[in-house]
Amino acid sequence: MRAFSGSGSSRKGKADEATPLAAPPAEEVPPVQRHRIGTTSVMGATAILATFSTTSSNVMYPRAYGVLGSLFGPLFGVVLQGFMCLLAVLTVRIAVRLQCRTFGELGYALGGSRGKWLLGGVQQLNNALFMPVALVFAANALRQVVLFVRGCNAPDNVGLLDFGSCAWWSCNINSLWVIALFAWPVLLLARDVGDLSWNSYVSLILIVVQTAAIFSNVTSDVGPHGNASAVPQPLALIGSTTLTAWNAVVSAYGIFLYSFCPLFIAVEISATMRNPEQISLAIALSFAINLCVYLPTGLVVDHHWGAGMPTPITEVLVGAYGAIANAILFYCTFLDFAIVGAVLNRELQAYWMPTFDRMCSVGNLPTWLLLTLPSLVFALGLSILTPRLDSLAGFLESLCVPVTMLAGVPAMLLVLRSRRESLGLDKSASSQLVALEMAKGWEPALVMGVVIGLVFFTTIAAETCYSIFVETDYAGRPSSIPGYSSFFCDVVAR
């Protein structure tokens with residue numbers, strides 16, 4: 001589950017009730033004086049954070065380890081995500097001390113209106129950019145399930161791909177149209193998102209089932225795509241003997257960013273907890289749970305099938321186990337799409353129509369259609385026009401995650417540190433002085449966060465642009481499916 005909440009309401013104890021991203025008025029009560037009431041337990045918060053992106057990330061790890069090596073890949077991933085976890089813990093401790101209810105409020109406390117729009121804006125940009133990623137994941141998973149149910153991938157039915165429904169479903173964009181057909185009604189129904197803890201527990205169970213299905217598939221006699229005679233690419237300890245292109249390596253690093261970014265929701269979750277100070281423990285526990293999923297999935301698949309696996313791995317799974325893994329991926333990513341869409345549409349309504357009553361009635365139907373259409377058109381348009389899932393995920397990995405998890409808050413704290421003397425004379429800077437005191441001794445880590453964040457921002461953005469404008473063949477080579485467009489069947493939503 002990847003549930004993003006831009007502006008949670010602590011008064012109702014729910015992490016997803018969004019409010020407008022407007023700068024607080026001058027007369028507002030300072031954050032450190034707010035009273036907060038919450039109901040979420042530390043285990044509930046852990047479950048939400050652990051499932052935040054795991055259901056769409058674990059299927060990407062065979063590719064990451066295949067490119068970076070079975071030793072270096074896991075080692076680098078643990079070190080990088082461990083460092084990100086430390087910065088996240090510092091960030092949420094500051095947010096809890098200042099009693100910030102949202103990531104945007106933390107930005108306001110540290111950097112005023114500019115800080116609020118930076119952190120809150122990146123959070124909502126992440127929401128918007130994740131919607132097409134979830135749409136493509138769901139479309140891919142649905143296509144694989146339908147092809148299995150109809151027997152299209154059975155060894156004695158290979159010829160079916162030349163005609164009929166098997167060929168129609170094998171074309172990428174067709175499953176995307178089906179998903180979009182159901183997405184708009186779902187967005188209309190998902191006007192608000194309730195407490196997410198129960199869904200997170202369900203998602204954790206589904207992740208275990210999905211992982212078991214993947215293991216059962218790769219340890220059986222069948223190979224990828226059901227080809228038992230396929231020769232696996234050699235798996236090296238460090239790097240890869242075949243996947244050596246710079247963009248492939250950078251894309252593999254990006255998976256580590258995509259799969260661990262709790263700060264997009266951690267501050268909002270802390271505002272709903274009975275003991276907000278335990279959000280640090282929840283982040284650490286969720287990190288441990290993620291490692292228990294990511295490491296085995298990547299290593300077991302690569303050990304049996306070699307280093308050349310695609311992302312997501314569910315594309316090459318076959319049989320009943322493959323159908324189970326894809327069905328779970330479809331459920332979780334489509335649910336994420338609805339949750340993120342509900343949050344974005346609420347933000348849009350708060351900005352455009354702040355007095356709208358949000359009631360579900362026939363009279364309000366035209367307004368709901370208008371409010372839900374922009375997010376759907378944006379997600380569908382970006383899904384169709386952007387080639388490959390790697391490119392879509394690259395937007396998130398370059399534009400949002402480095403700022404949120406690495407560079408954003410550390411940069412603000414370093415700027416405040418350079419202005420410490422002037423802040424001491426400013427009576428309104430009490431929150432900033434508290435933050436600086438809590439970050440004392442963290443200066444080397446803050447500098448590292450800014451540097452690493454800028455490096456990933458630059459390199460992953462370059463890789464994404466290279467993938468879209470250089471690597472992708474738009475000339476229209478013959479399609480793998482007779483009678484269908486190569487671009488829309490073989491490149492889009494892949």
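Note that this is a predicted model, so its numbers are computed, not measured. Numbering of residues begins at 1 and proceeds along the displayed sequence.
Taking every heavy atom of both residues into account, Asn217 and Gly322 meet most closely at OD1-N, 3.7 Å. Between Thr333 and Ala134 the shortest heavy-atom distance is O-CB, 3.6 Å. Of all the heavy atoms in Cys100 and Val267, the pair that sits closest is O-CG1, 3.6 Å. Shortest non-hydrogen contact noted between Gly453 and Ala407 is CA-CB, 4.3 Å. Summarising the geometry of Ile328 relative to Gln210, their closest heavy-atom pair is CD1-N, 3.6 Å, with the distance given to 0.1 Å. The minimum heavy-atom distance linking Ser270 with Pro276 is given by the pair O-CB, 3.5 Å.
Within the 3.5 Å criterion, the main-chain N or O of Gly394 finds no donor-acceptor partner in the side chain of Glu463. Distance alone, capped at 3.5 Å, is enough to place a donor-acceptor pair between the Tyr201 side chain and the Gly44 backbone. Although no hydrogens or angles enter the test, the distance criterion places no donor-acceptor pair under 3.5 Å between the side chain of Glu437 and the main chain of Leu433. Side-chain N or O atoms of Asn326 include one that pairs as donor or acceptor with a backbone N or O of Thr314 at under 3.5 Å. Looking at Ser251, its side chain never comes within 3.5 Å of a backbone N or O of Asn247 through a donor-acceptor pair. Arg63 places no side-chain N or O within donor-acceptor distance of the main-chain N or O of Pro310, the cut-off being under 3.5 Å. Between the side chain of Tyr294 and the backbone N or O of Ser259, at least one donor-acceptor pair lies under 3.5 Å.
The shortest side-chain heavy-atom distance between Val92 and Leu263 falls under the 4.5 Å cut-off. Put simply, the side chain of Thr404 does not reach to within 4.5 Å of the side chain of Leu119, judged on heavy atoms. Counting heavy atoms from C-beta on, the side chains of Leu206 and Cys332 come closer than 4.5 Å. Put simply, the side chain of Leu142 reaches to within 4.5 Å of the side chain of Ile179, judged on heavy atoms. Considering only heavy atoms from C-beta on, Leu129 comes within 4.5 Å of Cys400 through its side chain.
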Run the salt bridge (charged side-chain N to carboxylate O under 4.0 Å, His left out) test on Glu443 and Arg417 for me, step by step, so that the C-alpha distance in whole Å, both residues' side-chain angles and the decisive distance to 0.1 Å come before the verdict. CA-CA 9 Å; Glu443 288 80 7; Arg417 184 174 179 272; 3.3 Å; yes
Begin from the C-alpha positions of Thr272 and Thr40 and carry the test side-chain hydrogen bond (donor to acceptor under 3.5 Å, both in side chains) through to its verdict. CA-CA 6 Å; Thr272 74; Thr40 305; 2.9 Å; yes
Please test Ser56 against Tyr258 for side-chain hydrogen bond (donor to acceptor under 3.5 Å, both in side chains), starting from the C-alpha separation and ending with a verdict. CA-CA 9 Å; Ser56 61; Tyr258 176 87; 3.1 Å; yes
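Between Leu329 atom CG and Glu315 atom CD the span is 10.0 Å, to the nearest 0.5 Å. Atom CG of Leu118 sits about 8.0 Å away from atom CZ of Phe103, to the nearest 0.5 Å. Put simply, CG on Leu257 and CG on Leu406 are 6.5 Å apart, with the number rounded to the nearest 0.5 Å. Put simply, OH on Tyr61 and CG on Leu299 are 11.0 Å apart, with the number rounded to the nearest 0.5 Å. Atom CG in Asn126 sits 12.5 Å away from atom CE in Met131 (nearest 0.5 Å). Note that the CG atom of Leu295 and the CG atom of Asn290 stand 10.0 Å from one another [nearest 0.5 Å].
For Phe83 and Phe260, the distance between ring centers is not under 6.0 angstrom. Residues Phe337 and Phe137 keep their aromatic ring centres 6.0 Å or farther apart.
Remark: the Thr46 side chain and the Ser286 side chain contain no N/O donor-acceptor pair separated by less than 3.5 Å. Donor-acceptor pairing under 3.5 Å is lacking for the side chains of Thr464 and Glu397. Residues Gln123 and Glu268 bring a donor and an acceptor atom of their side chains to less than 3.5 Å of each other.
Tyr253 and Phe456 have perpendicular rings, their planes meeting at more than 60° on a 0 to 90° scale where under 30° would count as parallel.
Within a 6.0 Å radius of NE2 in His304, more than 12 heavy atoms belonging to other residues, nucleotides or ligands are found. Atom OH of Tyr321 has 12 or fewer heavy atoms from other residues, nucleotides or ligands within 6.0 Å. Within a 6.0 Å radius of CE in Met43, other residues, nucleotides and ligands contribute 12 heavy atoms or fewer.
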